[in-house]
Amino acid sequence: MVDAQQPGLTPRQELILARVVEEYVATGTPVGSKTLVERAGLEVSSSTVRYELAMLEEQGLLTHPHTSAGRVPTDTGYRFFVDGLLERLDPRPADLDLDLSQVESQVDMALRATTEALADVTHLLALVSAPPLETTTVRHVEVLLLQSHVVMVVVITSTGGVTKRLCTFEEPVDAGLAEWAGQYLNETVAGLQLGARLLRSRLEDPALSERERGFLDRLRPAFTDVLAGEEQTLYVGGTAGVLDEFRADELRTYRRLLEVLEHRAAVLDLLRASLVSKQPFVRVGADLDDPDLVGVALVGAPYGLRRRNLGTVSLLGPMRMDYVKAIAAVRSGAHELSRFVEELYED
């Protein structure tokens, strides 16, 4: 693979490669020297462009299908091109037509709105991963004595989620004990993450009486069971629209793409692997580690808090996509979601 960080191309070769990618993305047809001179604004002769195209092909950045005189980018050519785009990003992302002020504190609505906006703008497959549930903080707890032997525990999280658990006791429950538990939990676990060790320690505080700890232990499933049975949510949009972006000879790849989406754990693993950095990323063809997705590209950006990424905003589509628009869209979507979650999570 050509490394964009290492000098290997002249400025003119870099410009010609960029113009080939842009023309091929726009038209879907191989790009020849005449097209580059006439439409791409290159102020050199066709013979000079033909020579440079041959040099780029020799370096593995371009190829020409069949007997066509025009060139198309290779995986390596796309990789070189997008690396250059990522190096030259504007400090502030462009604005996306996305208003999250109307969804209040409902994270699922914000994620869904972001997915729809990305799909509408790019006509690509939009994927937005939700924050892991264990990172959600407890906002409020209700302990309600419904019947003499039945207690309901209601946990309201910082993301607007509400979980309810019924606890049945062999002996009648002391109403005062239930009232104490509600007060204690709100005083000690509100603001803690569902998966935090500190929350568990509050339920096992040795300073409490054996009776109080025993009662809290019966209420524990309201906080723990919800984590055991939940997988990180992946929001998907634009499956119909992206079909228009694939050519007839690429439909096999599109079908494989839909099969991959059915096994969302694999997609989530891919997105989670990209959460180690705050920077946008692009995975091209072979970068996806699936031989059936060689014609696909993934463009994404993480969102979250200043010190912790919570999820990823991404776009999937054919390798022949508008990377400039796709990178701008995911950056903007991630920026808006980060602003949204900062008001719900404590950093």
Exercise. Is the side chain of R213 donor-acceptor paired with the backbone N or O of L208 at a distance under 3.5 Å, no angle test?
Worked result: yes
Problem set entry | Nearest-0.5 Å distance that lies between atom CD in E14 and atom CD in E52 | 11.5 Å
Exercise. Can L177 be reached from V189 by stepping across I, L, V, M, F, W or Y side chains whose heavy atoms are under 4.5 Å apart?
Worked result: yes
For this session: Report the C-alpha separation of H140 and V154 in whole Å, then their side-chain angles, then the decisive distance to 0.1 Å, and conclude whether the side-chain contact (heavy atoms from CB on, under 4.5 Å) test is met.
Result: CA-CA 8 Å; H140 184 72; V154 181; over 6 Å; no
For this session: Just do the side chain to side chain donor-acceptor pair (under 3.5 Å) check on T29 and T27 with the steps written out, would you?
Result: CA-CA 5 Å; T29 59; T27 65; 3.1 Å; yes
Exercise. Are the side chain of R50 and the backbone of S33 linked by a donor-acceptor contact shorter than 3.5 Å?
Worked result: no
Problem set entry | Polar side-chain atom of T122 near backbone of A326 as donor-acceptor pair, under 3.5 Å | no
For this session: Quick one: do D83 and R79 satisfy salt bridge (charged side-chain N to carboxylate O under 4.0 Å, His left out)? Show the steps, please.
Result: CA-CA 6 Å; D83 284 347; R79 180 76 262 166; 2.9 Å; yes
Problem set entry | Nearest-0.5 Å distance, CG of residue D174 to OG of residue S148 | 12.0 Å
Exercise. Counting distance only, does the side-chain N/O of Y78 pair as donor-acceptor with the main-chain N or O of V21 below 3.5 Å?
Worked result: no
Exercise. Is any NZ, NE, NH1 or NH2 atom of the basic residue among R339 and E342 found under 4.0 Å from an Asp or Glu carboxylate oxygen of the other?
Worked result: no
Exercise. When clusters are formed by joining ILVMFWY residues with side-chain heavy atoms under 4.5 Å apart, either directly or through shared neighbours, do F81 and M55 land in the same one?
Worked result: no
For this session: Decide yes or no on ring-ring contact (aromatic ring centres under 6.0 Å, His included) for Y303 and F340, but give the supporting numbers first.
Result: CA-CA 10 Å; Y303 71 89; F340 180 82; 9.7 Å; no
For this session: Please check if the side chain of S338 supplies one atom and the backbone of G304 the other of a donor-acceptor pair under 3.5 Å.
Result: yes
Exercise. Taking R218 for the side chain and T168 for the main chain, is one N or O donor matched with an acceptor at less than 3.5 Å?
Worked result: yes
Exercise. Is the backbone N or O of A207 less than 3.5 Å from a side-chain atom of D205, with the two atoms forming a donor-acceptor pair by type?
Worked result: yes
Problem set entry | Closest heavy-atom pair and its distance - M321, L124 | SD-CD1, 3.9 Å
For this session: Flag the pair E57 and R71 as a salt bridge only when some basic side-chain nitrogen lies within less than 4.0 angstrom of an acidic carboxylate oxygen.
Result: yes
Problem set entry | R320 side, atom CZ; Y24 side, atom OH - distance, nearest 0.5 Å | 6.0 Å
Problem set entry | Spatial distance of atom CG (D90) from atom CD1 (I327) [nearest 0.5 Å] | 11.5 Å
Exercise. Which heavy atom of L17 sits nearest a heavy atom of L56, and at what distance?
Worked result: N-CD1, 4.0 Å
Exercise. With side chains defined as the heavy atoms from C-beta onward, is the minimum distance between V282 and L298 less than 4.5 Å?
Worked result: no
Exercise. Which heavy atom in A126 sits nearest to a heavy atom in L118, and how many Å separate them?
Worked result: CB-CB, 3.8 Å
Problem set entry | From CG (L305) to CZ (R308), nearest 0.5 Å | 5.0 Å
Exercise. Checking T115 side chain against L111 main chain: does a donor-acceptor pair fall under 3.5 Å?
Worked result: yes
Exercise. Does a side-chain N-to-carboxylate-O contact under 4.0 Å join R331 and E336?
Worked result: no
For this session: Might you point out which heavy atoms bring A222 and T163 nearest each other, and give the distance in Å?
Result: O-OG1, 3.9 Å
Exercise. Using 4.0 Å as the upper bound for N to carboxylate O, is an ion pair formed by R220 and D217?
Worked result: yes
Seminar exercise, completed: Smallest heavy-atom separation, C167 atom then V153 atom, equals SG-CG2, 4.4 Å
For this session: Kindly indicate whether the side chain of R12, heavy atoms from C-beta on, has any atom under 4.5 Å from the side chain of T48.
Result: yes
For this session: Look at the aromatic rings of F169 and F215 and report parallel, tilted or perpendicular, splitting at 30° and 60°.
Result: parallel
For this session: Would you kindly confirm whether L62 and Y51 end up in one hydrophobic cluster when ILVMFWY residues are joined by side chain heavy atoms under 4.5 Å apart?
Result: no
Exercise. Could you give the distance from CG (L53) to CD (Q13), rounded to the nearest 0.5 Å?
Worked result: 10.0 Å
Seminar exercise, completed: Residues A181 and L219: closest non-hydrogen pair is CB-CD1, 4.2 Å
For this session: For T114 and G333, indicate whether the former's side chain and the latter's backbone hold a donor-acceptor pair under 3.5 Å.
Result: no
